[in-house]
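Please read the structure below before turning to the comments.
Sequence lines set the chain letters: A, B, ... in the order given, protein chains first and strands last, and positions in each chain run from 1. If you're wondering where the values come from, they're calculated on a predicted model, not measured in any experiment.
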Protein chains: 2
Amino acid sequence: MTQSNETTSYRDIKETVLARIRSGEWQPDSLLPNEQDLAVEFSCTRTTVNRAMRELADEGFLERRRKAGTRVLSAPQRQARFTIPKVRDEVEALGGIYRYALVSSVAERAPEWLCARLALKPDQRVMHVRCMHFNGNTPFQYEDRWIVIDSVPQVVNADFASIGPNEWLIQTVPFTNVELSFLASRADDSVAAFLDLPIGEPVFTGERITWLEGEPVTFAKMYFAAGYRMTTQF
Amino acid sequence: MTQSNETTSYRDIKETVLARIRSGEWQPDSLLPNEQDLAVEFSCTRTTVNRAMRELADEGFLERRRKAGTRVLSAPQRQARFTIPKVRDEVEALGGIYRYALVSSVAERAPEWLCARLALKPDQRVMHVRCMHFNGNTPFQYEDRWIVIDSVPQVVNADFASIGPNEWLIQTVPFTNVELSFLASRADDSVAAFLDLPIGEPVFTGERITWLEGEPVTFAKMYFAAGYRMTTQF
DNA sequence: ATTTCCATTTTGTGTAGACTTTAAACTTTT
DNA sequence: AAAAGTTTAAAGTCTACACAAAATGGAAAT
């Protein structure tokens with residue numbers, strides 16, 4: 001059969017299902033008709049229904065289990081998707097001019113807390129890079145980063161005066177796993193100085209750990225300037 | 001033809017493609033073979049290749065355009081997905097015992113800043129609910145929330161002494177749009193008192209605005225206890 | 001009453017093929 | 001050249017059907 005312009009598409013099905021959930025016709029926890037029945041109702045194939053339902057499940061509205069069927073999630077486990085842009089893009093999206101400055105770049109023995117955090121051997125060496133990201137002349141982010149030399153030997157030759165460690169890493173090593181955290185920390189004297197804040201001021205802070213096939217690659221702390229907020233819509 | 005146990009599945013294709021990207025075989029910005037050719041290479045149908053590539057594009061690794069083909073994204077626009085659990089679930093996931101306490105619940109005229117934030121008419125009335133969420137006896141989150149009465153008339157009869165406003169809203173009104181922000185704020189005297197912190201301490205703070213088909217429903221500020229961090233892995 | 005095992009149901013994924021939509025690339029006209 | 005129209009390649013989506021895999025619910029065995 002051919003796909004006429006009156007076909008029910010998987011998009012239509014998604015919308016209809018969502019509408020039924022919102023209207024209360026399909027209550028939370030209730031079991032939905034199976035795919036075959038829905039295919040009949042929407043007069044399309046099961047394949048099309050399957051795609052619609054699969055996507056709704058991916059998006060966190062439904063829960064599906066073989067044999068058990070599909071049910072409406074009671075607490076719509078809606079997930080916020082935060083895009084993690086590169087600082088440069090973030091600044092430029094604000095209409096600002098991105099500027100980068102290296103503060104320091106030293107090879108050193110990994111401090112104890114870092115060994116614990118990344119499961120490093122006691123004497124492993126790391127490259128410790130500190131740098132600033134500006135929006136024009138205004139501090140935007142202060143970055144404090146450690147890169148595991150054993151995992152990325154080329155790092156000893158990298159020129160972090162001309163390129164930020166994040167951009168360098170992205171184009172140099174791939175990664176397979178990331179752990180990303182956000183928290184509120186207080187500005188210690190160096191953070192305060194770099195971000196031009198009073199000491200003790202609240203600072204929105206990100207921490208990022210990156211691995212490549214189980215090998216720790218880098219740990220970064222990112223301190224954002226006053227007033228920063230991370231926002232998403234869905 | 002039937003699906004033997006030696007079939008290449010869309011998962012295999014995804015893995016292979018990712019591996020090729022990581023190994024550098026397929027450079028950023030380079031154009032990939034078209035679906036038909038890949039189907040031949042993987043000896044499967046185009047349908048299967050399509051699913052693999054579509055998902056990789058959804059996940060932010062590829063960019064696809066009709067006629068133009070599929071290319072590797074240079075800056076893998078990886079998105080972090082934070083699940084936004086209900087406080088109760090979050091506390092229970094920590095192995096704690098969730099306890100809830102109402103602080104106050106008053107109907108009032110929306111303050112000016114809120115009118116601006118939610119695009120309310122000057123004299124619209126809102127229900128102002130303040131409450132605490134505990135992990136055992138330890139403060140976990142202080143919630144300061146406003147609910148637009150015109151959008152949710154039933155709210156005037158809700159008993160927020162026995163159920164938290166968030167749980168009540170979830171089971172009462174659906175929503176279509178959400179804006180969620182996170183920031184670091186400083187504890188003012190009331191936040192400090194509720195969370196048992198010194199005044200001025202950094203507090204990880206969430207703000208959530210919810211709409212139903214364009215109508216503003218609620219604005220919530222969530223102040224998290226000291227040491228809170230929001231984490232995700234991918 | 002409890003555990004083990006099995007049939008059955010429901011989703012998951014694949015094949016094969018066709019039509020649709022988009023937009024890049026080419027061609028013609030102005 | 002620049003604009004407008006045309007061709008065409010690639011992804012997007014649907015049909016129709018088949019077999020696979022999981023897990024539930026009940027039957028059988030302990």
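Rounded to whole angstrom, the span from the CG atom of A:Leu32 across to the P atom of C:dT10 amounts to 13 Å. As a whole-Å value, the separation of B:Glu63 CD from C:dT22 P is 17 Å. One interatomic measurement links the two molecules: CG of B:Leu31 to P of C:dA25, which rounds to 10 Å at whole-angstrom precision. As a whole-Å value, the separation of B:Leu56 CG from D:dA11 C1' is 15 Å. Between the C1' atom of C:dT15 and the CD1 atom of B:Ile13 lies a distance of 13 Å, rounded to the nearest Å. Remark: P of C:dT11 and CZ of A:Arg71 are 11 Å apart, rounded to the nearest angstrom. One interatomic measurement links the two molecules: CG of A:Asp58 to P of C:dT11, which rounds to 15 Å at whole-angstrom precision. One can place CD of B:Glu55 at 16 Å from C1' of D:dA11, the figure rounded to the nearest angstrom.
Each salt bridge (Lys or Arg N to Asp or Glu O under 4.0 Å) pair with one or both residues in residues 212-224 of chain B, not counting sequence neighbours, appears once here: B:Glu207-B:Lys221. For residues 152-177 of chain B, every residue pair satisfying the salt bridge (Lys or Arg N to Asp or Glu O under 4.0 Å) rule, not counting sequence neighbours, is listed here: B:Arg88-B:Glu167. Pairs of residues two or more places apart, or lying in two chains, that qualify as salt bridge (Lys or Arg N to Asp or Glu O under 4.0 Å) and include a residue from residues 39-51 of chain B are B:Arg20-B:Glu41, B:Glu35-B:Arg46, B:Arg51-B:Glu55. Residue pairs meeting the salt bridge (Lys or Arg N to Asp or Glu O under 4.0 Å) criterion with at least one partner in residues 172-183 of chain B, sequence neighbours excluded, do not occur; the list is empty. Listed by first then second residue, pairs satisfying ring-ring contact (aromatic ring centres under 6.0 Å, His included) with a partner in residues 148-167 of chain A read A:Phe160-A:Trp168, not counting sequence neighbours.
Distances shorter than 4.0 Å separate some side-chain N or O of A:Tyr10 from OP1 or OP2 on D:dT13.
Judged as a side chain to side chain contact (heavy atoms under 4.5 Å, CB included), and not counting sequence neighbours, the contacts of A:Val156 are A:Met127, A:Ile149. When the salt bridge (charged side-chain N to carboxylate O under 4.0 Å, His left out) test is applied to A:Glu15, no partner is found at least two apart in sequence or on another chain. Looking at residues two or more places apart in sequence or on another chain, you find no ring-ring contact (aromatic ring centres under 6.0 Å, His included) involving B:Phe134. Checked against side chain to side chain contact (heavy atoms under 4.5 Å, CB included), B:Val173 has the following partners two or more places apart in sequence or in another chain: B:Val152, B:Leu169, B:Val217.
Listed in residue order, the members of residues 45-53 of chain A having a heavy atom less than 4.0 Å from DNA chain C are A:Arg46, A:Asn50.
The aromatic rings of B:Tyr228 and B:Phe204 lie tilted to each other, with the angle between the two planes from 30° to 60°.
Remark: A:Arg208 is positioned above the aromatic ring of A:Phe175, its terminal NZ or CZ atom under 6.0 angstrom from the ring centre and at most 45 degrees off the axis.
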Dump every N/O contact between nucleotides 5-10 of chain D and the protein below 3.5 Å, one line per pair.
residue	atom	partner	partner atom	Å
D:dA9	O4'	B:Lys67	NZ	3.2
D:dA10	OP2	B:Asn34	ND2	3.3

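Taken over five-pair windows at either terminus, the axes of the helix from C:dA1-D:dT30 to C:dT30-D:dA1 are inclined to one another by 20° (rounded to 10 degrees).
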